[in-house]
Amino acid sequence: GAGVSQSPRYKVAKRGQDVALRCDPISGHVSLFWYQQALGQGPEFLTYFQNEAQLDKSGLPSDRFFAERPEGSVSTLKIQRTQQEDSAVYLCASSLEGGSHYGYTFGSGTRLTVV
Amino acid sequence: AQKVTQAQTEISVVEKEDVTLDCVYETRDTTYYLFWYKQPPSGELVFLIRRNSFDEQNEISGRYSWNFQKSTSSFNFTITASQVVDSAVYFCALILTGGGNKLTFGTGTQLKVEL
């Protein structure tokens with residue numbers, strides 16, 4: 001597609017519920033990133049894929065967070081047993097290569113509210 | 001570790017005023033890229049500029065200009081003759097070129113341009 005597409009746009013989850021957030025990167029983009037943006041803060045890195053390989057998951061805040069990109073295109077970020085502190089906007093970005101040289105294209109994000 | 005500081009949380013100006021958004025960064029690496037992104041209410045991060053650490057030449061693009069000074073570790077962004085459509089949150093970010101693919105963002109500056 002023309003841009004990075006994320007769905008759903010909004011998600012309300014009850015505490016303890018599992019959620020899955022989807023990211024459709026720009027076609028042909030090798031690299032895919034997930035960022036978490038808390039209210040009033042800048043985005044913070046969660047994880048990075050190059051094709052289907054998850055090369056860096058150092059930003060995932062706990063083992064309740066899991067991301068996959070099985071075929072090197074669409075990615076899913078899954079959060080198990082959601083907690084209130086998980087409430088944030090989850091941004092996905094893709095890049096032609098590593099990112100620093102080519103820049104990133106971000107999606108509009110999924111706003112997760114845990115009640 | 002890298003750090004990006006945007007000390008201005010919120011700025012309000014009247015349309016047609018000039019406004020400068022400050023960005024100060026910290027890194028021990030000598031090679032890096034600096035970015036500015038715009039985040040309108042719709043939520044996506046819109047790329048504005050990328051600057052290589054070796055290129056200290058200032059840049060102008062229409063009403064936008066950027067002042068990069070390595071001596072003070074600053075990468076300030078000026079909007080000339082601001083317009084209501086410039087109202088958004090603006091983020092400064094840094095990425096190392098020597099490995100890793102994480103963008104480190106500042107906390108953002110909310111710009112409000114009023115009639």
Side-chain angles (χ1 to χ4, degrees), chain A residues 1-11 21 23 26 29-51 53-60 88-112, chain B residues 1-10 21-27 29-55 61 75 88-111:
Chain A
V4 177
S5 178
Q6 292 187 246
S7 60
R9 188 78 174 86
Y10 301 93
K11 176 69 179 178
L21 312 180
C23 173
I26 292 174
H29 276 196
V30 168
S31 298
L32 185 145
F33 308 82
W34 284 97
Y35 283 79
Q36 180 190 56
Q37 186 177 15
L39 188 65
Q41 300 297 313
E44 293 195 356
F45 172 84
L46 292 177
T47 187
Y48 158 60
F49 289 86
Q50 186 165 325
N51 295 307
Q54 189 175 19
L55 299 185
D56 188 344
K57 55 181 181 179
S58 62
L60 296 177
V89 175
Y90 291 86
L91 293 164
C92 177
S94 70
S95 173
L96 196 57
E97 292 272 348
S100 60
H101 299 283
Y102 296 94
Y104 301 78
T105 301
F106 281 85
S108 297
T110 294
R111 182 177 295 279
L112 173 65
Chain B
Q2 295 70 242
K3 185 178 180 181
V4 176
T5 300
Q6 294 179 258
Q8 304 151 308
T9 305
E10 185 173 318
L21 309 182
D22 297 334
C23 173
V24 174
Y25 62 92
E26 296 175 32
T27 179
D29 282 58
T30 57
T31 57
Y32 48 88
Y33 282 95
L34 294 164
F35 295 79
W36 275 96
Y37 283 90
K38 175 182 180 179
Q39 189 173 46
S42 53
E44 77 276 20
L45 285 166
V46 178
F47 169 83
L48 296 178
I49 190 172
R50 180 184 70 238
R51 177 48 48 93
N52 186 310
S53 56
F54 291 115
D55 181 6
S61 176
F75 186 43
V89 181
Y90 291 85
F91 290 97
C92 181
L94 176 149
I95 190 170
L96 303 181
T97 56
N101 287 279
K102 307 174 190 180
L103 270 170
T104 299
F105 285 86
T107 51
T109 297
Q110 170 86 59
L111 175 64

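Per chain, numbering begins at 1; letters A, B, ... match sequence-line order.
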With a cut-off of 6.0 Å (strictly less than), are more than 12 heavy atoms of other residues, nucleotides or ligands near NZ of B/Lys38? yes
Which portion of [X] sits near chain B, non-hydrogen atoms under 4.5 angstrom:
{"X": "A/Gln37", "result": "side chain"}
{"X": "A/Ser58", "result": "side chain"}
{"X": "A/Arg111", "result": "neither"}

Can you tell me how far CD of A/Glu44 sits from NZ of B/Lys102, rounded to the nearest 0.5 angstrom?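 Going from NZ on B/Lys102 over to CD on A/Glu44, the span is 11.0 Å.
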In Å and rounded to the nearest 0.5 Å, what is the SG to CD distance from A/Cys92 to B/Glu44? 13.5 Å
Which one, B/Cys92, B/Ala93, B/Ser42, leads in non-hydrogen pairs under 4.5 Å with chain A?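 The residue among B/Cys92, B/Ala93, B/Ser42 with the greatest pair count is B/Ser42.
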If you count heavy-atom pairs under 4.5 Å between each of B/Leu103, B/Thr104, B/Thr107 and chain A, which one has the most?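 The residue among B/Leu103, B/Thr104, B/Thr107 with the greatest pair count is B/Leu103.
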Heavy-atom proximity to chain A below 4.5 Å, by part of B/Gln110: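 B/Gln110 has no heavy atom closer than 4.5 Å to chain A.
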Looking only at heavy atoms, which two atoms of B/Phe91 and A/Pro43 are closest? And how far apart?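 That closest heavy-atom pairing would be CE2-CD, 4.0 Å.
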Between B/Tyr37 and A/Phe106 (side chain of the first, backbone of the second, donor and acceptor by atom type, cut-off under 3.5 Å), is there such a pair? no
Can you find a pair of side-chain heavy atoms, one from B/Arg50 and one from A/Tyr104, that are under 4.5 Å apart?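 No. Closest side-chain heavy atoms not under 4.5 Å.
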